[in-house]
Amino acid sequence: MSRGFRLGLFAASAVGLAALLLWGVAGLPDFGHYAGPYGYVLNAVAPNERHVTNVVTATVFDYRGFDTLGEEFILFSAAMGVALLLRDVRDEEREPPEDGIRSDAVRLVGVALVPVLVALGLYVVAHGFITPGGGFQGGVVLASAFLVVWLAGEYRAFRRLTPTPAVDLVKGSGAGGYVVVGLAALLLGNAFLHNFGPLGTAGTLASGGSALLLNLASALEVAAAFVLIFTEFGEELVNVRLRGGG
Amino acid sequence: MDVLVALPVAIPLLTAAALAASGHILGRRVDDIVGIVAAAATAVVSTLLVLRTLDHDLVYWFGGWTPRHGVALGIAFDVEPLSAAVAAFAAVLTTASFVYAWRYFDEAGTLFHILMLTFLAAMSGFALSGDLFNMFVFFELMTVSTFALVGYQVHSEAPLQGAITFAVTNAIASFFLITGLALVYGRTGALNLAQIGRALQGNGHDGLVIVAFTLLLAGFLIKAGVVPFHFWLSDAYAVAPIPVCVLLSAVMSDLGIHAVARIYWPAFSGAFHADVPELRALIVGAGVLTAAVGAAMTFFQRDLKRMLAFLTISHVGVLVCAVGLLTARGLAGSVLYVIGDGFVKAALFLAVGILVRRIGDGDELRLRGRGLDAPLAAVVFFGGAFLVSGLPPFGSFLGWSLLVRSSGDVGYGWLPPVLALCAVVTGGTLVRASARVFLGWGDANDPLLSAEPPESEEEPGERESRFSPPLLFGPALALLIVGAGFSFVPGLAGHATAWAQRLQDRPTHAAEVLAGTVPPPASPVPLHAGLAPYGYAIGSWVLAIGFAVFGLYRQRLPGLLRRGAGRVLDRPVAVLKGLHSGIVGDYVAWLTFGAATLGGLLTLLVR
Amino acid sequence: MIPLQAMVIALVAGAALAVVLTRDLVRLALISSVYGLLLVVLFVVLQAPDVALSALVVSGVGLPFVIAVAIAIDRAR
Amino acid sequence: MSYLPYALAVWLFIVGLYGVVTSRHLIHLAVCLTVMQSSSYVLLLSIGYVNRGTAPIFADVPKGTRAVDPVVQALTLTDVVVSVAVVALLLAMAMQVRKRSGTGDPDKLHTVEG
């Protein structure tokens with residue numbers, strides 16, 4: 001199929017598809033006039049029932065916590081898939097190369113940034129039920145703290161800080177922990193992922209019941225998954241540099 | 001509340017996480033055993049779910065969030081026997097694949113087991129979920145788990161190319177889905193399918209409903225591989241490792257069609273209730289096109305895996321027809337067809353794997369006459385070829401009978417002969433391949449077939465010298481026998497039809513999901529298909545053998561006849577083959593074309 | 001609809017076109033980051049701070065890194 | 001004016017699709033997919049938007065304040081994760097393809113056909 005034919009086919013079809021999509025969205029309520037009921041019901045009941053202030057997080061880890069289980073495992077499978085696709089490099093078990101020489105200023109900034117990022121990550125995770133944030137966002141920030149160690153010039157340090165078995169362990173227990181919390185509810189005679197445990201006082205760190213554990217589990221899983229993805233990609237890069245390519 | 005409902009998802013996911021946490025230290029065989037046990041346990045649980053739902057659905061609200069005043073707060077699994085049977089089928093095949101992989105791979109790391117288990121959880125969840133967004137989540141989990149499995153053989157180009165076309169087209173499928181889902185949510189403010197159905201019923205359909213349904217349909221049909229959304233499928237299935245192919249071909253494609261049924265009846269059937277004949281024409285038309293294109297392309301293949309990939313497409317077409325008849329018998333027939341036929345397709349893939357493992361090749365022409373080095377594969381291959389061509393009363397025959405009866409019910413008497421003709425081509429091609437590979441019949445070369453594929457890229461590495469038949473051959477034969485015997489479960493067709501009616505009775509079903517009203521148990525609907533299904537099946541079987549002989553000795557036909565046929569057919573054949581270009585940009589252009597056409601036709605037909 | 005929203009929408013629309021039309025990979029990495037940040041702004045004006053934070057960490061840390069590595073590998077060969 | 005955000009979603013969908021179809025490099029293709037995916041974020045969030053509504057976080061505002069829909073935001077969060085997963089996998093494949101076949105152009109990559 002020639003490129004010209006492809007473009008022609010696409011152009012004609014895309015016009016049709018765009019027209020369809022526009023026709024579809026024209027049937028939506030006007031922007032700003034969300035009709036409900038789902039979201040309005042949750043906004044009305046969640047703060048009282050769940051003792052949380054952030055209804056989005058309550059939706060993510062409680063009302064629709066089962067979706068988030070799937071979401072955790074999407075990220076988990078993606079990290080595993082990346083490891084599988086890039087496995088030839090990983091298998092080679094090489095000694096990490098010497099670090100590139102970076103200026104002291106870069107190194108200093110990096111070293112100073114790490115504790116800030118760790119603290120920020122933990123803060124974002126912990127305040128998930130109160131203010132914007134939660135396991136996913138905090139987990140990525142935590143993973144980025146490790147990345148900064150590398151960018152500041154310490155690839156060896158990055159690898160030492162993230163030994164593969166430890167990352168695997170954290171990742172597996174984060175993802176598995178989510179399932180275990182769900183099964184615990186089952187053992188207590190409730191539905192899978194039923195929110196048990198004290199709900200706490202709205203607006204404090206201990207609010208949210210066992211959904212707090214889900215938040216924590218997903219933070220571990222997300223941080224480890226991102227570290228794993230960064231590591232796999234990083235190994236590729238280091239490998240290319242070793243061969244003098246770049 | 002039934003504790004079992006969450007387990008088909010929870011067991012494989014927890015096992016996958018535990019394997020990941022253990023970090024490759026357990027050793028290959030422990031991983032294998034853990035995988036087999038987890039998949040088998042899932043199969044048992046899903047089978048129990050079938051048995052528990054014989055009389056009424058199990059509606060399971062995760063987190064205990066039961067609906068309030070008809071508004072769903074959380075996510076529900078809506079377990080009914082047909083969906084639970086598909087989930088159980090997925091788990092059985094995963095178990096068989098793990099057993100087979102024991103001997104098949106030389107280097108199957110823990111990652112393989114982990115991704116197979118997340119894939120299984122995704123298939124179970126996708127089959128059982130009664131929530132539109134939750135279906136999307138499991139759809140994505142299926143896709144993401146299988147991306148890397150398809151590209152497992154990273155050392156050669158073809159698997160990577162197959163994995164990329166698969167990744168891109170399926171990612172776009174999910175964009176169609178979520179856009180359609182967003183439109184539905186904007187209209188109804190609901191994600192639960194039964195609640196959506198209540199909100200949409202009685203108001204007919206406007207642009208939004210038509211477009212949303214088009215987008216959801218397109219998303220699921222891309223996954224299923226319906227023409228013209230099918231291009232990625234043959235590229236991906238031809239290069240995925242055999243144990244993965246088994247699940248992709250026998251379950252994942254069919255789940256796409258099953259999903260159409262799961263969203264159409266609970267959610268959309270109210271909005272389209274006045275347009276059933278038009279909708280039927282559209283969907284059955286797409287099914288016939290798919291069955292025909294798949295069958296034709298099957299004939300042109302010499303790479304056995306790619307041949308089975310196109311066979312999958314052709315059978316997806318049959319399924320689309322069965323569901324598209326929009327009757328209880330059609331829906332019941334589709335599920336029985338998925339399972340009966342799925343076992344056979346799985347056994348065929350495993351048999352190709354045995355050839356690859358034993359002889360080091362999976363190419364029909366190069367293997368000519370060499371197949372008897374693996375005599376057990378011959379049994380499976382011939383058996384599978386006969387079952388595919390329709391040999392009654394085995395395999396998918398029960399599903400076929402329901403389809404024939406249902407076609408008659410709605411005045412589509414022309415449909416069974418057309419589909420039987422497709423079975424002549426696909427079955428005949430498989431018989432041809434079996435005869436050429438195992439008996440050495442037919443010409444050594446055939447220019448009509450696609451270009452010679454490169455030497456097999458399967459993982460084996462070392463050829464199987466210490467040939468260990470039981471673990472490779474056992475699963476293949478077991479699947480074939482189970483598939484063949486599946487039609488003999490007493491009263492299955494009648495019960496399945498009653499279960500399908502339950503799913504299709506929207507108001508009663510909605511009350512069951514949203515208010516917990518348990519309907520009275522339904523009695524089985526007798527099949528009474530007469531002798532027609534036998535006639536079609538025996539006819540297509542006999543013709544398939546004739547067609548196989550044609551395929552083997554085509555070049556010995558009189559020259560005049562061949563040149564005449566060549567003048568008529570050469571160009572269309574070249575065009576058809578050329579369309580399967582392997583280029584992802586082309587495929588995405590076809591997806592766009594397919595979605596636009598589907599939407600355009602739907603608009604024209606139902607307005 | 002407030003003017004601020006309309007303005008951000010126009011910027012996002014333009015940036016998306018720029019991303020798609022940019023064939024040079026290094027420039028693509030830069031423009032796609034800008035696009036990601038504009039989306040963050042849009043999410044903020046749509047009253048979705050959770051999503052904005054998510055998009056911020058993804059398009060501020062996660063994606064740029066993997067894209068940069070992929071480009072570096074591409075250039076090295 | 002009130003349909004502008006929806007129109008943006010359609011625009012992103014089509015523009016991203018155009019990029020995918022015409023792409024000459026797998027990295028570019030992956031980025032175009034993120035553009036397409038962002039269409040669904042925009043669509044979901046604009047569907048749940050409420051005029052003069054606050055974010056559905058009742059920390060600094062009293063319960064019962066008019067707020068936008070939290071559900072679409074939860075859905076979008078999942079969608080963002082999906083996008084990261086897909087892009088990471090595609091880029092990993094792109095790097096492997098570059099190594100094996102020396103090209104990043106999807107059009108030059110067709111060992112399987114017919």
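Just so you know, these numbers come straight off a predicted model, no measurement behind them. Naming convention: chains lettered A, B, ... in sequence-line order (proteins, then strands); numbering from 1 in each chain. Hydrogens, waters and symmetry mates play no part in the numbers below; they use all other heavy atoms, side chains included.
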Original post:
For A:Tyr40, does the OH atom have more than 12 heavy-atom neighbours from other residues, nucleotides or ligands under 6.0 Å away?
Top reply: yes
Subject >> A:Asp30 CG: over 12 foreign heavy atoms closer than 6.0 Å >> reply: yes
[X] side, atom [atom1]; [Y] side, atom [atom2] - distance, nearest 0.5 Å:
X	Y	atom1	atom2	answer
A:Phe31	D:Ser46	CZ	OG	6.0 Å
D:Met93	A:Leu86	CE	CG	10.0 Å
A:Ile130	D:Asp60	CD1	CG	11.0 Å
A:Thr53	D:Ile57	OG1	CD1	7.5 Å

[X] side chain vs [Y] backbone, donor-acceptor pair below 3.5 Å:
X	Y	value
A:Arg64	D:Ala74	no
A:Glu71	D:Val82	no
D:Tyr3	A:Leu28	yes
D:Arg52	A:Gly32	no

**OP:** Kindly determine whether D:Phe58 and A:Val55 satisfy side chain to side chain contact (heavy atoms under 4.5 Å, CB included), including the steps that lead there.
**Re:** CA-CA 8 Å; D:Phe58 302 94; A:Val55 182; 3.3 Å; yes
Is it the side chain or the backbone of [X] that comes within 4.5 Å of chain D heavy atoms, both, or neither?
X	answer
A:Tyr63	neither
A:Ala44	neither
A:Leu84	neither
A:Ile229	side chain
A:Ala26	backbone
A:Glu72	neither

Do [X] and [Y] have side chains that approach each other closer than 4.5 Å (heavy atoms only, starting at C-beta)?
X	Y	answer
A:Leu17	D:Leu17	yes
A:Leu21	D:Phe13	yes
D:Asp107	A:Arg6	yes
A:Arg3	D:Arg24	yes
D:Leu43	A:Val25	yes

**OP:** Check the pair D:Tyr49 / A:Tyr34 against ring-ring contact (aromatic ring centres under 6.0 Å, His included), numbers first and verdict last.
**Re:** CA-CA 6 Å; D:Tyr49 184 75; A:Tyr34 168 66; over 10 Å; no
Original post:
Between D:Leu77, D:Asp69, D:Val68, which is the residue that forms a side-chain contact (heavy atoms from CB on, under 4.5 Å) with A:Val56?
Top reply: D:Leu77
Could you report the tightest heavy-atom contact between [X] and [Y], atom names first, then the distance?
X	Y	answer
A:Thr59	D:Pro70	OG1-CB, 4.0 Å
D:Ala85	A:Ile74	CB-CG2, 3.8 Å
D:Gln96	A:Leu85	NE2-O, 2.6 Å
D:Leu89	A:Gly81	CD2-C, 3.7 Å

Subject >> Option in D:Val61, D:Val71, D:Val84 with maximal non-hydrogen atom pairs under 4.5 Å from chain A >> reply: D:Val71
Subject >> Among D:Thr22, D:Val21, D:Val86, residue most engaged with chain A (heavy-atom pairs, under 4.5 Å) >> reply: D:Val21
